[in-house]
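To start, the structure itself, in structure tokens.
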Amino acid sequence: MSFIRTPKPWHLSENIITPEWAYWNRRKFIKTLVGAGIGASAVSLSACQRPNAMAPELRQTLGNPLDNVIPNPDFQDAGRAVTEQQYASTYNNFYEFGGTKNIWPNAQKLPTDPWTVEVGGRVKNPKKYDLDDLTQRFPLEERIYRFRCVEAWAMVVPWIGFPMKALMDDVEPTSDAKFVSFTSFYDSEITPGPAWGFAMNLPWPYVEGLRIEEMANELAFFAVGIYGRTLPKQHGAPIRMVVPWKYGFKGGKSIVKIDFLTEQPATYWNTLAPSEYKFEANVEPEVPHPRWSQATEKIVGSNSNPFDWERQPTIIYNGYGEYVADLYA
Ligand code: MTE
């Protein structure tokens, strides 16, 4: 991990100058701590929220505190303030539990203990990981990433987890593995989907996919936590994908199965509406969704009125071009 940083694309925009100067001074302070090797204690600071702003019902959905998490110094500055958790954890997409943003109470039905993630296909060492493996087998780090939904809203989220590459090194894909599929939990009794869904014959389970080079990219991450604790169910407990240069739908939640494949897998939204949701789905401001522009994005929680959330320009690859642009050259 280097301590010399090239300017990020979001530093070049004047729109980023916000009244959160105090917040950013705190972030600089955290970086200094990290540089001095005292990183682990900084997590609680970076994840700190205003607890009183959170309703008690919501607080009950939060996971357990995660220890031994090192803030990754390369991913502490996302160019915007971290979204307050009372917004991030109540404004979700998880269609298994309904078709609105307000699924967080319903998602509490998800059974997450015990849990197994089965990894197979074109690998030398097929594996089954249990709940303890997910938080103990791979060193956990915190990464503050920008998050951009295809619906043109955006957040900044402090994830905790491990690079996808760590899991790849554990299972060792064979040379013919070209794609990877990630399957979410599905049980028609527990996760029936939105009421209107049965009329559309929705292609459950939710499956997402990456090219193997995308999965090996430094940014590709498995999150097992958020805001200093294990993932709340509404965010895809106990493990979900995070690929911050792509639209949020590429980040499958509550993963139970990972398959290394020779061919591109069929994926959920791409199967439903291929002209609207591409397999690649990189954040590209110049490429409009067929029904709306992607040139700007709404900042979730930028004030207390969702109808008046501030808009800011979208950045190519969500600002992560230095890591991923060469994958698409
Ligand atoms: N994963 C599953 N299994 N089901 C879903 O409906 N929605 C996706 C993605 N992962 C979804 C999913 C979409 S559209 C988005 S924007 C993000 O989850 C939202 O993540 P968040 O609710 O944690 O912010």
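Sequential numbering from 1 along the given sequence is applied to the chain's residues. Indexing begins at 1, ligand by ligand and atom by atom, following the structure's order.
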With a heavy-atom distance limit of 4.0 Å, tell me whether [X] approaches ligand 1 through its side chain, its backbone, both, or neither.
| X | value |
| --- | --- |
| Tyr247 | neither |
| Glu151 | neither |
| Phe249 | both |

Nearest protein heavy-atom contact for [atom]: which residue, which atom, what distance?
| atom | answer |
| --- | --- |
| atom 21 (P) of ligand 1 | Lys253 NZ, 3.4 Å |
| atom 3 (N) of ligand 1 | Glu96 OE2, 2.8 Å |
| atom 23 (O) of ligand 1 | His235 ND1, 2.8 Å |
| atom 6 (O) of ligand 1 | Tyr95 N, 2.7 Å |
| atom 7 (N) of ligand 1 | Asn93 O, 3.4 Å |
| atom 8 (C) of ligand 1 | Tyr206 OH, 3.4 Å |

Quiz item: Do Thr296 side-chain atoms and Arg311 backbone N/O form a donor-acceptor pair below 3.5 Å?
Solution: no

Exercise. Give a yes or no answer on whether the side chain of Arg122 reaches the backbone of Thr174 with a donor-acceptor pair at less than 3.5 Å.
Key: no

Quiz item: Is it true that the side chains of Thr100 and Asn102 contain a donor and an acceptor less than 3.5 Å apart?
Solution: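 No - no donor-acceptor pair under 3.5 Å links their side chains.
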
Exercise. Using only heavy-atom distances, determine whether the side chains of Trp309 and Tyr87 contain a donor-acceptor pair under 3.5 Å.
Key: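 Distance-only check fails for Trp309 and Tyr87.
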
Quiz item: Quick one: does Glu208 get within less than 4.0 Å of ligand 1, heavy atoms only?
Solution: no

Quiz item: For Ser254, is the nearest heavy atom under 4.0 Å from an atom of ligand 1?
Solution: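 Ser254: no contact with ligand 1 (<4.0 Å).
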
Per-atom contacts, ligand 1 versus [X] - under 4.0 Å to a heavy atom:
| X | value |
| --- | --- |
| Ser184 | 3 (N) |
| Gly251 | 9 (C), 10 (N), 12 (C), 18 (O) |
| Cys149 | 16 (S) |

Quiz item: Is the closest N or O pair between Arg240 and ligand 1 shorter than 3.5 Å?
Solution: yes

Practice problem: Can you establish whether the number of heavy atoms outside Lys257 located under 6.0 Å from its atom NZ is more than 12? | Solution: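 No, the 6.0 Å shell around NZ holds no more than 12 heavy atoms from other groups.
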
Quiz item: In this structure, are over 12 heavy atoms from other groups packed under 6.0 Å from Asn201 atom CG?
Solution: no

Quiz item: According to the interplanar angle, ranging from 0 to 90°, do the rings of Tyr320 and Tyr323 count as parallel (below 30°), tilted (30 to 60°) or perpendicular (above 60°)?
Solution: tilted

Practice problem: Decide salt bridge (Lys or Arg N to Asp or Glu O under 4.0 Å) for Glu322 and Lys8; before the verdict, give the C-alpha distance in whole Å, the side-chain angles of both, and the deciding distance to 0.1 Å. | Solution: CA-CA 8 Å; Glu322 69 173 295; Lys8 301 279 189 245; 2.9 Å; yes

Self-check item: Lys278/Glu280 salt bridge by N-O under 4.0 Å criterion
Solution: no

Quiz item: Are the charged groups of Glu214 and Lys246 less than 4.0 angstrom apart, N to O?
Solution: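 So Glu214 pairs with Lys246 through a salt bridge.
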
Quiz item: Given Phe97, Phe147, Phe94, which one has a non-hydrogen atom that is nearest to atom 19 (C) of ligand 1?
Solution: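 Comparing heavy atoms across Phe97, Phe147, Phe94, the nearest one to atom 19 (C) of ligand 1 lies in Phe147.
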
Quiz prompt | Option set Gly252, Pro194, Gly248, criterion heavy-atom distance to atom 17 (C) of ligand 1, minimum | solution =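 The residue whose heavy atom sits nearest atom 17 (C) of ligand 1 is Gly248.
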
Self-check item: Test salt bridge (Lys or Arg N to Asp or Glu O under 4.0 Å) applied to Lys127 and Asp133, step by step
Solution: CA-CA 11 Å; Lys127 291 254 160 87; Asp133 289 328; over 6 Å; no

